[in-house]
Amino acid sequence: MTSPAPGTAGTWPTDRRVTIRDLHAATARGERWAMLTSYDALTAGLFEEAGVPALLVGDSAGMVVHGHDTTVRVTVDELVPLAAAVVRGTSTVMVVADLPFGSYQAGPAQALATATRFLKEAGAHAVKLEGGSAVLAQVEALVDAGVPVMGHLGLTPQSVHVLSGLRRVQGRGEEGDHLLEDAVALERAGAFAIVLESVPAELGGRVSDKLTIPTVGIGAGPDTDAQILVWQDLAGLTPGRLPRFVKPYADLRGVLGDAVRTYVGEVAAGSYPDADHSY
Ligand code: KIV
């Protein structure tokens, strides 16, 4: 059974989880699909209801949930319970879990051990890892073992210290040709999709044209097959200056702040709880 996702041309299953085949078929039909990050059961269920076919339990949780200043410090132990909550809070989306920094770079055996935790302990359906030629052996080993892998190229936040910050657009000039080669290599290694982060729109389109697997853009222009955003950015909850690609679709920070200020004021004034909200 499938139903149209509100606001999209796509149809997603309503009686089972979205599979890689569903995502590939949507892309083959020329349909654009949207991913979001998610870190808890409540929002995961809401995003599923709103028509998002795949959720990423991103290592961005290190920053937006755990309060670290980069994604580098988040651990597998911190992410596994969040992935488990997202799986429990949903019934039809595909849940992709990020492999955090230091949990797969040492080699295929380490990558497989970490991915196994996400699939067995959290019930995730796929994993994502950052990098190109340096992680091909890991991607191959995971896919051989039956673990679907999403790649991640362009701005790879786990390399923040090598990149000297997270603001620079990646893949300009010759760097773009190398990124394209990495994308092709990841597809050959068995990745089922690739996130492209903070790259020129032209490169986003070029990589998408070249690959058969879907590209999932975040700051990669309009021509990737899918898009992903950190949900707090989409909702206008994240404070401060945000990257240019972020479009806040709501002002959750304002709405929530107003609600809490009103509550605090009513408690102070003794007008909450009133008779209607008391037993
Ligand atoms: O961790 C994350 O949230 C991500 C995406 C935004 C792609 O990797």
Side-chain angles (χ1 to χ4, degrees), residues 23 33-40 43-44 47 52-76 78-83 85-86 93-105 114-115 118 122 124 126-132 135 139 148-160 163 166-171 179 182-183 186 191-199 203-204 207-208 213-221 224-235 237-238 242-249:
L23 298 176
W33 40 276
M35 286 185 68
L36 274 181
T37 62
S38 183
Y39 319 99
D40 68 275
T43 61
F47 302 156
V52 177
L55 294 172
L56 171 70
V57 184
D59 61 358
S60 47
M63 299 170 79
V64 298
V65 176
H66 293 292
H68 298 303
D69 55 353
T70 70
T71 61
V72 171
R73 296 184 61 185
V74 73
T75 64
V76 177
E78 286 173 324
L79 278 194
V80 166
L82 307 187
V86 170
V93 295
M94 176 191 288
V95 178
V96 183
D98 237 344
L99 301 188
F101 175 72
S103 75
Y104 61 93
Q105 285 89 348
T114 307
F118 280 103
V127 299
K128 176 169 86 56
L129 48 74
E130 296 184 5
V135 295
V139 174
V149 179
M150 183 176 266
H152 185 153
L153 295 172
L155 182 67
T156 46
Q158 292 180 10
S159 307
V160 55
L163 296 172
L166 291 179
R167 288 290 173 192
R168 211 168 64 80
V169 174
Q170 306 295 309
L179 188 149
D182 275 346
L186 281 172
F192 74 92
I194 300 179
V195 169
L196 297 177
E197 180 164 352
S198 290
V199 300
L203 182 60
V207 175
S208 307
I213 57 171
T215 52
V216 184
I218 173 161
T224 55
D225 302 300
Q227 298 288 332
I228 183 166
L229 283 173
V230 170
W231 83 257
Q232 289 88 345
D233 293 349
L234 159 137
L237 192 58
T238 316
L242 297 177
R244 172 172 163 176
F245 61 77
V246 171
K247 178 174 175 187
Y249 284 82

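In listed order, ligands and their atoms are each counted from 1. The chain is numbered in sequence order, starting from 1.
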Treating [X] as the side-chain partner and [Y] as the backbone partner, does any N or O pair qualify as donor plus acceptor under 3.5 Å?
X	Y	answer
Gln227	Gly219	no
Asp98	Val57	no
Thr215	Asp225	yes

Shortest non-hydrogen contact from Leu79 toward Gly58: CD2-O, 3.8 Å

Sequence-distant partners of Ser60, side chain to side chain contact (heavy atoms under 4.5 Å, CB included), two or more places apart: Thr37, Tyr39, Val230

Residue that, paired with Asp59, satisfies side-chain hydrogen bond (donor to acceptor under 3.5 Å, both in side chains) out of Arg73, His66, Gln158, His68: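 Answer to the side-chain hydrogen bond (donor to acceptor under 3.5 Å, both in side chains) test with Asp59 among Arg73, His66, Gln158, His68: Gln158.
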
Between ligand 1 and the protein, find all N/O pairs closer than 3.5 Å and give the distance for each.
{"residue": "ligand 1", "atom": "1 (O)", "partner": "Asp59", "partner atom": "N", "Å": "3.1"}
{"residue": "ligand 1", "atom": "1 (O)", "partner": "Asp59", "partner atom": "OD1", "Å": "2.9"}
{"residue": "ligand 1", "atom": "1 (O)", "partner": "Ser60", "partner atom": "N", "Å": "3.0"}
{"residue": "ligand 1", "atom": "1 (O)", "partner": "Ser60", "partner atom": "OG", "Å": "3.2"}
{"residue": "ligand 1", "atom": "1 (O)", "partner": "Asp98", "partner atom": "OD2", "Å": "3.2"}
{"residue": "ligand 1", "atom": "3 (O)", "partner": "Ser60", "partner atom": "OG", "Å": "2.5"}
{"residue": "ligand 1", "atom": "8 (O)", "partner": "Lys128", "partner atom": "NZ", "Å": "3.0"}

